[in-house]
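Working notes for the structure below.
From a predicted model like this one, the values you see are computed outputs, not experimental measurements.
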Amino acid sequence: MLKQIEGSLGIAEAVALCRPGVVCAYPISPQTHIVENVGKLVKQGKLENCEFINVESEFSALSVSIGASAGGVRTYTATASQGLLFMAEAVYNASGLGLPIVMTVASRAIGAPINIWNDHSDSLSQRDSGWLQLFCESNQDALDTHIMAFKIAEKVGLPVMVCMDGFVLTHAFERLDVPEQELVDKFLKTYEPQEFLDPNEPISMGAMVGPEAFTEVRLLQHRKMLKAIDVIEEVTKEYRELTGRNSGGLLDCYNCEGADVKLVIMGSSVGTAKDAVDELAKQGIKAGIISLKSYRPFPYEAMRKAIGDTKKVICVERAFSFGARGIIGPEVERSMKGCDTEIRTVIAGLGGRAILGSTIKGIVDGALNNKFTDEITWFDVDSSTLNEYLKKSEGVEFAEGPISESAVLDSIKKA
């Protein structure tokens with residue numbers, strides 16, 4: 001059914017269609033509208049047999065979710081930014097216990113300084129927590145991915161973060177095709193947990209494991225994550241055949257055939273990038289977009305195939321690792337090990353700074369004209385803001401334009 005609705009309401013309706021038995025809620029922008037709307041659906045009786053639990057913190061939200069899932073109930077929650085960090089201990093517990101919880105992360109920058117706008121630093125800070133992490137291009141993609149996430153989580157036996165860009169998607173009103181309940185019921189069967197706490201058949205979950213077995217436990221968890229590659233592809237194929245939509249998957253390619261440069265991007269910036277490369281194509285400039293949907297597990301083989309024999313690849317990243325390099329870039333480099341592909345990282349869009357069509361065009365121009373000589377480049381940097389601080393503290397200045405990592409280091413050395 002076609003509806004003109006806010007992205008958050010679309011996600012709430014998608015979650016309700018999956019018939020969760022427990023939803024744990026603690027508000028934090030920009031995911032608040034999602035849990036608010038799920039709560040309304042429960043109160044209105046549109047989501048039946050669901051216990052909607054208001055808790056006192058994000059840590060409690062995931063802790064209660066763990067208890068509900070361990071009790072054999074399909075479980076959902078949502079968070080963002082500082083909230084995700086507050087529940088970090090429970091994040092690791094959920095994956096270690098193999099609980100198929102689905103959690104929306106309405107991606108938002110992490111403070112300090114306080115910033116409520118979008119980048120990917122929150123979700124990517126938990127990249128080694130053992131959760132699957134699926135990123136969404138659009139609200140339709142996010143709606144569909146949530147429905148697929150429950151099936152993926154339950155098939156694999158691991159929790160799933162569905163990462164959608166805060167405000168850019170959560171608060172955007174657009175036309176969404178919301179599936180009928182009958183279709184979702186056909187796709188997602190009644191939840192039948194494989195292992196759960198039952199007073200009639202007592203077991204222990206999450207008991208202490210010593211050095212004699214801990215490595216094996218982690219290896220089994222890693223094998224589950226690797227298995228998820230095939231499960232994501234299988235579930236996506238089934239869902240696409242049912243709906244006719246191209247949502248979900250490991251990654252998608254756009255204008256990649258014969259491209260001289262390919263940009264690897266996650267999230268809502270993909271739409272902007274597609275429009276930009278369409279305009280560039282009219283000028284005879286061949287640039288392709290690889291939309292990375294599954295960051296964990298990382299689809300190395302699919303990425304290698306998508307890049308193919310392209311010699312220039314730019315990873316456009318809305319997060320980075322302090323004192324190191326980009327976060328997506330090293331994974332892409334592993335995909336292309338043994339190839340002579342030039343892979344560079346461009347940092348853009350931090351803290352909600354807009355990634356515009358001009359940004360994408362500038363990145364393509366920089367790649368094709370060999371302007372990115374270092375592994376990492378900070379794009380659209382306001383040199384005047386930097387200089388105001390640096391003149392006082394270090395006596396150095398930056399020129400206008402993209403700022404590369406080597407330029408930063410060289411300036412500091414000179415000072």
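Note on ring orientation: taking the six-membered ring where Trp is involved, the planes of Phe167 and His171 are tilted (angle from 30° to 60°). Using a 30° and 60° split on the angle between ring planes, Phe135 and His120 fall in the perpendicular class, above 60°.
Thr359 OG1 to Ile363 CD1: the interatomic distance, rounded to the nearest 0.5 Å, is 6.5 Å. Rounding to the nearest 0.5 angstrom, the gap separating the CG atom in Leu124 from the CE atom in Met266 is 4.5 Å. Annotation: the span from Leu41 atom CG to Leu17 atom CG amounts to 9.0 Å, rounded to 0.5 Å.
In this structure, Asn37 contributes its side chain and Ala12 its backbone to no donor-acceptor pair below 3.5 Å. In this structure a side-chain-to-backbone donor-acceptor pair under 3.5 Å is present from Thr236 to Ile232. Distance alone, capped at 3.5 Å, is enough to place a donor-acceptor pair between the Asn118 side chain and the Ser107 backbone. Judged purely by atom type and a 3.5 angstrom limit, Asp252 has no side-chain atom pairing as donor or acceptor with the backbone of Ser291. Judged by distance alone, the side chain of Arg240 and the main-chain N or O of Ser247 form a donor-acceptor pair under 3.5 Å. Using modelled atom types, no side-chain atom of Lys262 and backbone atom of Ile290 make a donor-acceptor pair closer than 3.5 Å. A side-chain donor-acceptor contact under 3.5 Å links Lys151 to the backbone of Phe187.
With a 4.5 Å cut-off on side-chain heavy atoms, Gln140 and Asp177 count as touching. Residues Ile101 and Trp131 are in side-chain contact: their nearest non-hydrogen atoms beyond the backbone lie under 4.5 Å apart.
Annotation for Pro179 and Tyr239: closest pair CG-OH, 3.6 Å, computed over non-hydrogen atoms. Here the closest non-hydrogen pair linking Tyr76 and Ile34 is OH-CG2, 3.3 Å.
A side-chain donor-acceptor contact under 3.5 Å links Ser269 and Arg318. Under 3.5 Å, the side chains of His146 and Thr104 contain a donor-acceptor pair of N or O atoms. In this structure, a donor-acceptor pair under 3.5 Å is absent between the side chains of Tyr92 and Gln126. Checking Thr243 against Asp144 by side-chain atom types alone, no donor-acceptor pair falls below 3.5 Å.
Here Phe214 pairs with nothing under the ring pair (Phe, Tyr, Trp, His ring centres under 6.0 Å) rule; sequence neighbours left out.
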Begin with the C-alpha distance, continue with both residues' side-chain angles, and end with the deciding distance and a verdict on salt bridge (charged side-chain N to carboxylate O under 4.0 Å, His left out) for Glu154 and Arg74.
CA-CA 9 Å; Glu154 290 162 16; Arg74 182 173 285 158; 2.8 Å; yes

